[in-house]
Undergrad: 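So that we are looking at the same thing, I have put the structure below in structure tokens.
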Amino acid sequence: MFDIAWSAIKNRKGGFVAAFIAVVCGSAVITACGVLFVSGLLSGVAPERYAGATVMVGGRQTKDVKENFDPYYAERVTVPASVAEQISRVDGVEKVVRDHSVEMTLQKDDGSARGEPMPLEHPLYGHGWSSAALGPFELAEGSEPGGAGETVLDSGLARAAGVKVGDTVRLSVGTTPQDYKVAGLVDAPGGGLDRQSAAFFTDARAAGLSQRPDRLTAIGVLGEDGTDAGELAGRIEAAVTGTDVVAYTGDAIGDLEFLDVGQSRGFLVMLSASFGGTALGVVVFVVSSTLGLAIHQRRRELAMLRAVAATPRQVHKLIGSEVLLVAATGAVLGAAPGFLVAGLLRDAFADVGVLPADFELSFNPLPAVAAVLLSVLGALLAGFIAARRIARIKPVEALSESQVEKGELGRTRKAVALALLGLGLVTSIVLPLLIPGQLAIAGAGGSLLLLMVGSALISPVLVQTTTRLLTPLLMRSKVSGYLAAANSTTNARRLSSAVVPLALGTAMALMQLSMLNTVEVTAKEQAATGVVSDYVVTSGTTGLSTDLAQKVRAVDGVGTVTPVARSQVLITYVEIDKPVSNPFSAQGLEPRDLDRTLDLDVREGSLDELRGDTVALSRIAADTARLDVGDTADVDLGDGTHKELKVVALYGKGLGFGDVTLPHGMLTGHTANQQDTALLVTGEDGGGGAGGKVESGLADLADGTPGLVVQSPEEFGAVEQGEFTQQSSTSLIANALLILYVLIAVVNTLVMATTGRSREFGMLRLIGTSKQQTRRMMFLESWVVILTAVVVGIAIAIPPAVGAALGTTGQPIPYVEPLAWGGIVVFVALLGWLSISLPTRSALRGRPIDAVYATE
């Protein structure tokens with residue numbers, strides 16, 4: 001059977017080449033998703049400052065969620081200082097090093113009290129001198145810090161800042177500066193620090209700078225000679241009681257040292273898992289469409305086999321053998337480019353800031369193996385479905401249908417199509433009304449495939465409908481128009497194979513654009529209208545020191561100051577009988593006179609009650625977690641601290657300001673820097689007569705405070721959109737890969753459908769039709785295809801867009817940018833026209849008689 005299949009492939013290259021290309025590209029997409037997923041599980045970054053430690057001990061950075069992904073905490077989970085004493089008693093431990101780390105800013109020495117923050121290539125962290133042994137760092141010049149006013153800098157930082165031993169530098173924690181004498185310089189292990197800069201202080205000074213002397217960033221362990229690191233780590237975890245700690249060894253220590261690496265891995269796991277499922281569905285759908293068209297073009301050949309006594313089983317085996325040969329070859333060849341695609345995705349994610357620039361992918365062979373298996377199985381299933389009808393009908397009927405398509409669709413096919421369309425509409429529009437929140441938004445996005453498959457099943461009917469509507473226009477060209485109308489009506493199944501991928505590409509692009517625009521525009525509107533203060537104070541340093549709020553309140557004319565802190569929390573709830581913990585952006589606020597500085601559009605409850613163990617939620621977060629005012633929310637703060645919080649208010653402007661609002665002291669007490677992001681300032685009379693005094697007083701305060709910036713609410717709102725832009729860019733990058741694949745499939749299918757009609761073109765020319773009339777016929781047919789695809793694409797993009805708008809904004813009208821939608825439609829139309837017209841010209845170049853007999 002494989003010999004016959006190989007012979008058929010060699011003599012029917014056109015259709016099989018198209019299927020081969022679809023499988024190659026599909027395998028590459030699936031492989032790329034798999035590489036990202038495996039990298040999220042296995043990849044990492046080698047340690048730098050902890051490179052000399054045998055074992056490093058830190059808090060557990062993930063929440064254990066049964067039967068689901070373990071999400072990462074946004075802030076560093078610190079360790080009680082008392083744990084160091086327990087570790088010191090473990091067999092095999094030679095030395096225990098307590099590490100306090102705090103992010104700092106280095107100011108330029110411009111002779112002023114302010115001093116602008118010096119731009120550094122890497123973030124700067126301050127540490128206790130004893131932690132230098134974990135590098136180990138070696139003293140290159142000078143001496144170790146001898147008092148609270150001295151520091152030791154790493155040599156790379158000193159060169160970048162242009163300082164030397166004996167100079168004075170100004171280092172700030174938030175907006176609190178302090179001058180230090182450079183007592184010495186140290187050389188980092190391995191030739192330098194690639195991801196950070198380091199400043200060392202006395203251990204007592206480092207503990208004071210960290211705000212939490214009772215908590216440690218990490219604990220370093222130097223083992224005795226000959227001690228196995230893995231065994232020592234196990235003994236340490238067993239010995240520590242009363243807290244949840246993790247012992248790291250080898251390159252895994254990099255996860256503890258650089259939190260962004262672990263968080264990036266969690267991001268990749270979540271993204272690739274959700275995106276990979278969608279990608280697999282799209283790939284199977286496209287491959288099925290391509291193979292269906294290829295088998296459809298061979299009706300005459302397969303009918304002849306049935307007529308000469310080939311059994312249905314033999315036809316199935318023949319087609320299965322052909323598909324297996326093509327799919328296996330294409331899947332294997334497509335897996336290798338998939339690793340390159342994964343690298344391009346990694347670079348794109350790094351450019352928008354959701355991955356570190358030095359994050360390395362794990363090029364494990366498992367994703368390629370999985371991609372080959374899934375691609376081959378998907379192709380075999382598609383081939384079986386496509387061959388099912390031609391294999392089971394009677395030989396005489398097969399010969400008849402090979403000449404003229406069956407006009408009516410089967411009742412089962414219509415019923416399945418209507419069921420899928422109905423389910424798609426329910427999932428996209430009804431679900432957000434009944435079960436709002438993130439689940440509804442995800443359902444609205446996933447409903448596109450249901451609507452597309454349903455539309456594909458009845459696509460011949462859609463083509464015939466479009467043809468009937470366009471017939472008066474087509475008949476203006478008597479010969480070409482008549483032929484185009486007759487072909488489109490009679491061969492609607494063939495044309496529908498060209499319509500389906502074109503409609504899918506249109507729908508995916510329009511839906512993605514609408515969802516992103518709706519979220520971005522709504523977030524900007526909420527941020528612009530929500531800040532009602534006169535001024536906003538921010539910082540170009542690591543943040544605003546919490547004592548700055550009192551200094552601003554002391555400015556003449558200031559009436560209300562609302563400090564705003566930012567972080568991320570986890571809310572645990574039950575979703576479809578399974579516990580999930582999802583991250584939500586959070587802000588910390590003081591409720592005093594909040595209505596004079598911030599309008600969150602409170603729908604229920606009151607923010608005046610935001611004190612103690614309470615929380616306010618956005619409408620989206622509340623709907624997602626099924627919470628209402630008075631309920632108790634299961635919340636994990638940024639550093640992993642668990643809280644049971646009473647919901648006191650629900651508000652509408654979650655996209656602009658975060659989905660979770662906590663008491664200010666609660667949030668800042670569980671962040672790494674314990675600093676504010678902004679201060680919202682309103683004058684005593686709301687910015688009237690006191691406005692000049694307030695502005696002048698804030699300007700004077702800024703002149704003496706490193707990095708302090710006074711902004712208008714409009715400027716602050718524009719800056720706050722960075723997070724939404726990043727999220728939108730991430731989604732756009734992931735979906736752009738799928739859209740690109742669909743566009744390749746569009747061109748592939750249209751070219752195959754057109755070139756497969758060479759015999760038809762030859763017959764038309766033999767009976768007197770000119771080349772020009774044939775080209776015009778195909779031009780008119782192309783518009784039947786394009787218009788059907790565009791209308792179907794728009795029609796199936798609207799319900800998911802409406803559902804997403806309901807889920808995110810509560811309103812059923814998505815944001816539509818007419819120029820962008822028009823551009824997509826024009827691009828799709830141009831792509832469809834070129835993919836039909838160019839192969840038509842190529843097919844008409846030879847002699848008609850050769851075209852007729854070459855395909856017999």
Side-chain angles (χ1 to χ4, degrees), residues 59 73-78 80-81 100 102-103 173-176 207-215 217 531 533 536-539 541-554 558-571 583-598 600 602 605-618 621 632-651 654 657-682:
Y73 297 120
E75 309 286 347
R76 181 177 291 279
V77 179
T78 55
H100 287 285
V102 58
E103 190 171 3
V173 177
T175 49
T176 304
L209 291 173
S210 71
Q211 309 289 326
R212 291 289 303 273
D214 61 323
R215 308 286 298 187
T217 302
V531 179
S533 63
V536 180
V537 177
T538 60
S539 174
T541 63
T542 58
L544 301 173
S545 300
T546 52
D547 61 353
L548 186 66
Q550 291 301 327
K551 295 180 182 179
V552 174
R553 289 189 179 103
V558 169
T560 304
V561 176
T562 300
V564 181
R566 300 281 190 202
S567 185
Q568 187 184 81
V569 301
L570 300 176
I571 298 181
F584 291 88
S585 56
Q587 62 179 350
L589 299 175
E590 291 181 358
R592 183 176 57 182
D593 295 329
L594 184 61
D595 59 329
R596 302 191 67 215
T597 56
L598 192 63
L600 292 180
V602 177
S606 173
L607 291 175
D608 293 337
E609 300 179 29
L610 194 67
R611 295 179 176 86
D613 287 344
T614 60
V615 64
L617 301 175
S618 72
T632 299
D634 188 338
V635 178
D636 291 283
L637 301 178
D639 65 349
T641 301
H642 183 259
K643 293 282 187 179
E644 298 286 339
L645 303 178
K646 179 182 178 182
V647 180
V648 296
L650 304 180
Y651 55 91
F657 297 97
D659 290 308
V660 178
T661 299
L662 296 165
H664 179 264
M666 179 190 296
L667 189 70
T668 55
H670 297 278
T671 58
N673 294 330
Q674 299 190 16
Q675 295 167 4
D676 292 324
T677 302
L679 300 177
L680 308 182
V681 183
T682 297

Undergrad: What distance separates R566 CZ from D676 CG, expressed to the nearest 0.5 Å?
TA: 11.0 Å

Undergrad: Is there side-chain contact between V660 and V635, with at least one heavy-atom pair below 4.5 Å?
TA: no

Undergrad: Atom CG in L594, atom CG in L680: separation rounded to 0.5 Å?
TA: 8.5 Å

Undergrad: Any side-chain heavy atom of E609 sitting closer than 4.5 Å to one from T614?
TA: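 Of all side-chain heavy-atom pairs linking T614 with E609, none is under 4.5 Å.
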
Undergrad: Before giving the answer on side chain to side chain contact (heavy atoms under 4.5 Å, CB included), spell out for V173 and Q675 the whole-Å C-alpha distance, their side-chain angles and the decisive distance to 0.1 Å.
TA: CA-CA 9 Å; V173 177; Q675 295 167 4; 3.4 Å; yes

Undergrad: Verify side chain to side chain contact (heavy atoms under 4.5 Å, CB included) between L637 and L662, making sure each step is shown before the conclusion.
TA: CA-CA 10 Å; L637 301 178; L662 296 165; 3.7 Å; yes

Undergrad: Do S567 and H670 make a side-chain contact, defined as non-hydrogen atoms from C-beta onward lying under 4.5 Å apart?
TA: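 No; the side chains remain at least 4.5 Å from each other.
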
Undergrad: Using a strict 4.0 Å threshold on nitrogen-to-oxygen distance, state whether E590 and R553 make a salt bridge.
TA: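 Here E590 pairs with R553 in a salt bridge, since their nearest N and O are under 4.0 Å apart.
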
Undergrad: So, taking the atom named CG in L610 and the one named NZ in K646, what distance separates them when rounded to the nearest 0.5 Å?
TA: 12.0 Å

Undergrad: Between S545 and T176, do the side chains contain a donor N or O and an acceptor N or O under 3.5 Å apart?
TA: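 Their side chains do contain a donor-acceptor pair, which is all the 3.5 Å distance test asks for.
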
Undergrad: A side-chain contact here means heavy atoms from C-beta on lying under 4.5 Å apart; do F584 and L617 qualify?
TA: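 The answer is no, as the side chains (C-beta and beyond) never meet within the 4.5 Å cut-off.
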
Undergrad: What I'd like to find out is whether the side chain of S533 reaches to under 4.5 Å of the side chain of V681, using heavy atoms alone.
TA: no

Undergrad: Measure the shortest side-chain to side-chain distance between Q587 and L589 over non-hydrogen atoms and say whether it is less than 4.5 angstrom.
TA: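 Yes, at least one pair of side-chain atoms sits under 4.5 Å.
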
Undergrad: Measure the CG-CG distance between D595 and L607 for me, rounded to the nearest 0.5 Å.
TA: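 One gets 9.5 Å once the value is rounded to the nearest 0.5 Å.
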
Undergrad: So, T682 and R596: side-chain donor and acceptor under 3.5 Å apart, yes or no?
TA: no

